[in-house]
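In what follows, every chain begins at residue 1, and chains take the letters A, B, ... in the order their sequences are listed. Note that the coordinates shown come from a computational prediction; the quantities given were computed from them, not determined experimentally.
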Amino acid sequence: MSTSPTTPPSANTGETPAAGDAGGKHKYPVNLPRTAFPMKANLVQNEPASLKRWSGLAAGRGLYESLLAARADAAAFVFHDGPPYANGNIHMGHLMNKCLKDFVVRTKMMAGRKCAFVPGWDCHGLPIEHKVMTDLIEGGKYDKIAALPDDQRKMAVRRECRRYAEKFVKLQGEQMQRLLTLGDYARPYLTMDPAYEGAVLEVLADLVEQGLVYRALKPVHWSIANETALAEAELEYEDREDLSVYVDFEAADADAVYDAFGLATQLEGENDEDEEPPAGAGSGEHRPRPAQRPSFMIWTTTPWTLPANVGIAVNPKHEYALVRVDGNVTVIAAALVGKVTGAAKAEDVRVLATTTGARLLGLRYRHPFVNNPPACGLGRVCDPAKLWSVVAADYVTLEDGTGIVHTAPGHGAEDFATGLREHLPIYCPVQSDGTYDATAPEWLRGVSVWDANRKVTEWLRNSGHLFYDHTFTHSYPHDWRSKTPTIFRCTEQWFISVDGLPEAARGRAGAPEGRNLRRMALAAVDAGAGSTPGTAVPPEGVKFVPEWGRNRLRGMLESRPDWCISRQRAWGLPIPAFTTPDGATFMTAASVRAVAKVVREKGSDAWFTLPPEELLKYYDAAGDNDPLARLVQGAGAAGRLRKGNDILDVWFESGTSWNAVLRERNLGYPADLYLEGSDQHRGWFQSSLLPALGATGRPPFRALLTHGFMVDKNGRKMSKSLGNDIKVEDLLRDHGADVCRWWVSSLAYEHDVKVDMEFFALAGESYRKVRNTLRFMLSNLDDYEPGAGATPGATTLEAWALGEFDALSARVQAAYDDYDYRAAHLALYDFCSRTLSATYLAAVKDRLYCDRPDSARRRQTQAALWTMTDGLCRLLAPLLPHTADEAWRALHKAAPGDDRSVHLLTFAPPTGARPDEHWKRAMDAIAAAGKALEDAKAQSGIQNPLDAGVHLPDTSGVLTRFDATDLADLLGVSKVWIDSAAESARVEDLRARGWEACARSWKRDGTVKRRADGGMLSDRDAAAVGLA
RNA sequence: AGGCCUGUAGCUCAGUUGGCUAGAGCGCACCCCUGAUAAGGGUGAGGUCGGCAGUUCGACCCUGCCCAGGCCUACCA
């Protein structure tokens, strides 16, 4: 910009106008601001240039590497990145998450700590495999692959998946760096890297060693057509017509049922009653009990699962009725009697008594066609007394059916949970091809479940158990590929025990008593809040930011079932289990470690490309004291093994990153902080906590920080389908990274965050305020050499400003320590806007412009400006990496090739200023006088404050300590008199006093007179231009 | 349906162990400056603190219910 007066210094001989008008405007030179730091940030163009400069600092190292080298001996702050899924562009959630993490990294670094940050990606898993499979099928390429042998087919899919993951790791990595986040992007962690995979398996080995890993049955979505388990994402819901049946299950002990309903012990027959009994338990007190055996009526839409029935569930809180329906006596939820009997067009319906579900618990019934108790199921112990009895389930509702739920744990998720809790058999007589096995009743063996629906129904009709049936249409899951309906079927899966091992496995000789992960986790969560009596407290508790995260994680831990860690897919890390020729499963801690070693060398592809003996080449059966080792002892034993088909749940892979990244790279353990969205209480926080407790006995993190989710301006969730999502690319293109970061730093991130395009425009406004403040300071330092200028005295404006700056610096650093970026943001903004722009800078403008350039007063101001600009850049650096560096480099006049950067520094120490203790009072007086000045402007003819002088009251008697000119400059008026007698501020029109305005400074300070050159100048200005 | 969380001026948020006329910034309105100028400064108007009920001498702050929204589970025999 132009900095020299444009008007030639011609002698203006005409009379000098009273006010500094156009005529005399540029007659006298003033020290105009001048800087190369532009008002317009142009972030979209300039940020990439900063990135480029940072990537090639001295010795060819990037900023991240340089910083880590510089902090090599500093105290570490161990921060650990939770891996996003390597799929798609980064979205608003990532934007906030990654910016917050970067604030942590940069604030710790600026505070002098060594804060390594290794960004990671979750690469395995179904979403990618699903997408790749869809593409292969749609591209017509899958048929060829499908024809390959199992291992080769999986390898073909895995190669595609890897390519896909690599593509998005690269894309997202670039986008994250475009957000100016700092980290080891040259060496990120990928869950599909061989070393990472090996480290994951080593944690699995530790858990096996602790006796926490077991194999058991679990119902999964099963495709009969493809004979494979399906994930939720592979299901399509379509309408399907099914049978709906109401079935009477005969009570085993009629009297027990009648007792539960409180019926009298006498039999029916003597005195019939026909009035309805009142509602409530024991309502049948005076009623005789019917002669026939009562039954429980259940409802199901999957009659084929009835062979696997092992219990019936009621809601203990609901009311149940004993009903006589056309001669039969049965139990139905009281609220559903009319609906059920009405649908069946029953003619004679009479409620005999009612009771609560709670009183039905434990009553036994006879299965309508199964006589032999089913086997309990792999890895479990069952309670024979519970089989075929009434159990409790709070998911039983009164919306459909009879209020009594047929429970087949082998064929449903809820039933499975109930079965586990009630120690019922997990029984599944259905084979992988959808036909019944030899354990089913003879008339069903070999029959397909779809045919069984009708067959079972007919059987029940013939045996008199069927109350009513009809067909109906409902939404039913179908296999996405074959478009055929799926079923729930039990399969063998791997679990991590949350409560120590199930009895059956615990008895295994040599296995230690399992750690109780739930108890340990709850203790860790509770430590630091209330303590749980009687539990083993871990070495350290966990800090939660915000505190309510503790409750949330606690709730999840209390209710979570054992963790099913196996999946039947191709794209993942295999669970290195083998099967012997007799069908026994072989996996020990030592064998897992041996396979891990191979995986470290060759990656998990080795599982699909190498034979068992190669995979176990580091395994020494003789040296393995696990009893299972005997399965592979003897020559050639390993060669006869078959490899398992399971891969690990991806949550186990990411949940062991504390080992695969922090310990593997010697970054420190446990981490000081994990920082993720609140959904990760269920996800990564928990999936990290449990394996770490199992393997190391301590939580992997000392503190958990959570942030909320992005919602639109109306508080609705953002989604592509709603069309209210905002694209990060758009933001970066329209606003640049620093504005986005400035916005993130302003958020109350612990709750849901509203996002709208216009918020970024507002953040941009606020950013510009800060930028312009920096620019104005820089522009007044153009002729300043650092170091010049005296230490300011206590009552100087500089002492005040520097004192305010020290307070700001302490406040911002404290806020950074508390992860309260919002507080830092507000303090920084307030300081730039109020303290600097509105107050200090406005006050010193006159001396900066009009004092002789090298005058002591001006240099003193410049020294303060320099200190504050430098310090402010450092405080802003974690939030605005580009802008802070740009300003700092402008301050230090760094040439384009100059490597210096604010990011290589630490926060500035206190300035050492000792402001006078009465500054507060002086500023209050100024504020009060400012109001008086406004009134005067409204009432008298004063418009321009420089036309005014102010008589300041000084009741406290301290204002005289201060310089009257400083006070006048703070007020923006030409003159201040301190009046110890006055009660309130009085404004005087200096024009009425006949005081002329200085042609150079426009002030009317009473010293203005015509000088030798004919101009009207004040004493100060005359001296400044050499006319003294 | 359950767990956790949120609901204070148009917007984003403060409101400490319940206690005087509920605060800030942005925006808005009006004014000033025109030597920070696609800048800068000043003044002011805006709120039945989601709703209802209760506890209390007194509630934005405590309790209950309801409404709206978010995350996570469970989504059904």
Measure from CG on A:D712 to P on B:U6 and round the result to the nearest Å.
-> 20 Å
Among B:U37, B:A74, B:G40, find the nucleotide with the atom closest to the side chain of A:S837.
-> B:G40
With sugar-phosphate meaning primed atoms plus P, OP1 and OP2, does A:T305 contact a base, only sugar-phosphate, or nothing at under 4.0 Å between heavy atoms?
-> nothing
P gap between B:C4 and B:C76, integer Å | 24 Å
Minimum-distance nucleotide to A:A748 side chain [options: B:G70, B:C5, B:A14] | B:A14
With rounding to whole Å, what would you report as the distance between B:G35 and B:A29 at their P atoms?
-> 26 Å
Between B:G2 and B:C66, how far is it from one P atom to the other, in whole Å?
-> 9 Å
When rounded to the nearest Å, what value does the distance between P atoms of B:A14 and B:G7 take?
-> 8 Å
Take atom CG of A:L933 and atom P of B:C33, then tell me their distance rounded to the nearest Å.
-> 12 Å
Determine whether any donor atom in the side chain of A:R552 lies under 3.5 Å from an acceptor atom in the base of B:C5, or the reverse, and answer yes or no.
-> no
A:V30 has a side chain; which of B:G35, B:A24, B:C5 sits nearest to it?
-> B:G35
Rounded to the nearest Å, what distance is computed from the CG atom of residue A:L32 to the P atom of nucleotide B:A39?
-> 19 Å
Assess whether salt bridge (charged side-chain N to carboxylate O under 4.0 Å, His left out) is satisfied between A:D242 and A:R240, documenting all intermediate values.
-> CA-CA 6 Å; A:D242 264 316; A:R240 173 184 160 81; 3.2 Å; yes
OP1 or OP2 of B:A38 less than 4.0 angstrom from a side-chain nitrogen or oxygen of A:R768, does that happen here?
-> no
Which heavy atom in A:T301 sits nearest to a heavy atom in A:W299, and how many Å separate them?
-> CG2-CZ2, 3.6 Å
Given atom CG of A:L557 and atom P of B:C4, what is their separation to the nearest angstrom?
-> 14 Å
Lys NZ or Arg CZ of A:R741 over A:Y767 ring: under 6.0 Å, within 45° = no
On RNA chain B, more 5' by nearest nucleotide between A:M556 and A:T301 is A:M556
Under the criterion salt bridge (charged side-chain N to carboxylate O under 4.0 Å, His left out), which of A:R1020, A:R1000, A:K845 is the partner of A:D851?
-> A:R1020
Which whole-number value in Å describes the distance from A:L826 CG to B:A14 P?
-> 10 Å
Can you find a side chain N or O atom of A:K754 that sits less than 4.0 Å from OP1 or OP2 on B:U12?
-> yes
Test item: side-chain donor near acceptor, A:D1021 and A:S1001, under 3.5 Å = yes
Under 4.0 Å between any heavy atoms, over every strand shown, what does A:A842 touch: base, sugar-phosphate, or nothing? Just pick one.
-> nothing
Presence of A:Y829 side-chain N/O under 4.0 Å of B:C26 phosphate oxygens OP1/OP2 | yes
How far, in whole Å, is B:A9 from B:U48 if one measures between their C1' atoms?
-> 13 Å
Between B:U34, B:U12, B:G40, which nucleotide gets closest to the side-chain atoms of A:N944?
-> B:U34
Choosing from B:C33, B:A36, B:C75, which nucleotide comes nearest the side chain of A:P33?
-> B:A36
Which nucleotide in the list B:U43, B:A36, B:G35 gets nearest to the side chain of A:K931?
-> B:U43
Donor-acceptor pair present, A:T302 side chain and B:A77 base, under 3.5 Å | no
Can you figure out which of B:A24, B:C75, B:C5 approaches the side chain of A:W548 most closely?
-> B:C5
Indicate, with a heavy-atom threshold strictly under 4.0 Å, whether A:P546 touches base, sugar-phosphate, or nothing.
-> nothing
Nearest heavy-atom approach of A:H411 to A:A308 is CD2-CB, 3.4 Å
Using the P atom in both, what is the distance from B:C60 to B:C20, to the nearest Å?
-> 10 Å
Say you pick atom P in B:U21 and the same atom in B:C26; how far apart are they, in whole Å?
-> 27 Å
Scan side-chain atoms only and decide if A:T330 and A:S295 contain a donor-acceptor pair under the 3.5 Å cut-off.
-> yes
Could you check whether A:A313 gets within reach of a base, just the sugar-phosphate, or nothing at all, counting any heavy atom under 4.0 Å?
-> nothing
Passes salt bridge (charged side-chain N to carboxylate O under 4.0 Å, His left out), A:K937 versus A:E934? Steps please.
-> CA-CA 5 Å; A:K937 280 163 72 176; A:E934 276 303 305; 3.3 Å; yes
For A:G401, answer base if it contacts any base atom (sugar-phosphate contacts may also be present), sugar-phosphate if it contacts only those atoms, and nothing otherwise; contact means non-hydrogen atoms under 4.0 Å.
-> nothing
Could you work out which one of B:G70, B:U37, B:A77 sits closest to the side chain of A:T300?
-> B:A77
To the nearest angstrom, the CG-P distance between A:L971 and B:G40 comes to 21 Å
Please state the C1' separation for the pair B:U56 and B:G18 - nearest whole angstrom.
-> 9 Å
Contact class for A:R834 (heavy atom, under 4.0 Å): base, sugar-phosphate, or nothing?
-> sugar-phosphate
Options B:C72, B:A77, B:C32, nucleotide nearest the side-chain atoms of A:V396 | B:A77
Per nearest nucleotide of RNA chain B, the residue lying toward the 5' end, A:K717 or A:V405, is A:K717
To the nearest 0.5 Å, what is the distance between CG (A:L891) and CG (A:D782)?
-> 11.0 Å
With syn defined as a glycosidic torsion within 90 degrees of 0 and anti otherwise, which applies to B:G46?
-> syn
Does OP1 or OP2 of B:A36 have a side-chain N or O of A:Y849 closer than 4.0 Å?
-> yes
Rounded to whole angstrom units, what separation is found between the CG atom of A:N780 and the C1' atom of B:A36?
-> 8 Å
For the pair A:K769 and A:E765, evaluate salt bridge (charged side-chain N to carboxylate O under 4.0 Å, His left out) and give the outcome as yes or no after the intermediate values.
-> CA-CA 6 Å; A:K769 182 84 183 184; A:E765 289 289 316; over 6 Å; no
Using a heavy-atom cut-off of under 4.0 Å over every strand shown, decide if A:D679 touches base, sugar-phosphate, or nothing.
-> sugar-phosphate
Between A:W563 and A:D649, does any side-chain donor sit less than 3.5 Å from a side-chain acceptor?
-> yes
If only side-chain N and O atoms of A:K769 are considered, is one of them under 4.0 Å from the OP1 or OP2 phosphate oxygen of B:G41?
-> yes
Under a cut-off of 3.5 Å for both distances of each Watson-Crick or G-U pair, what dot-bracket string does RNA chain B give, using [ ] for crossing pairs and | for inter-strand pairs?
-> (((((((..((((.....[...)))).(((((.......))))).....(((((..]....))))))))))))....
Any idea which of B:G42, B:C26, B:A36 is nearest the A:L762 side chain?
-> B:C26
Can you tell me the distance, in whole Å, between the OH atom of A:Y749 and the C1' atom of B:U12?
-> 17 Å
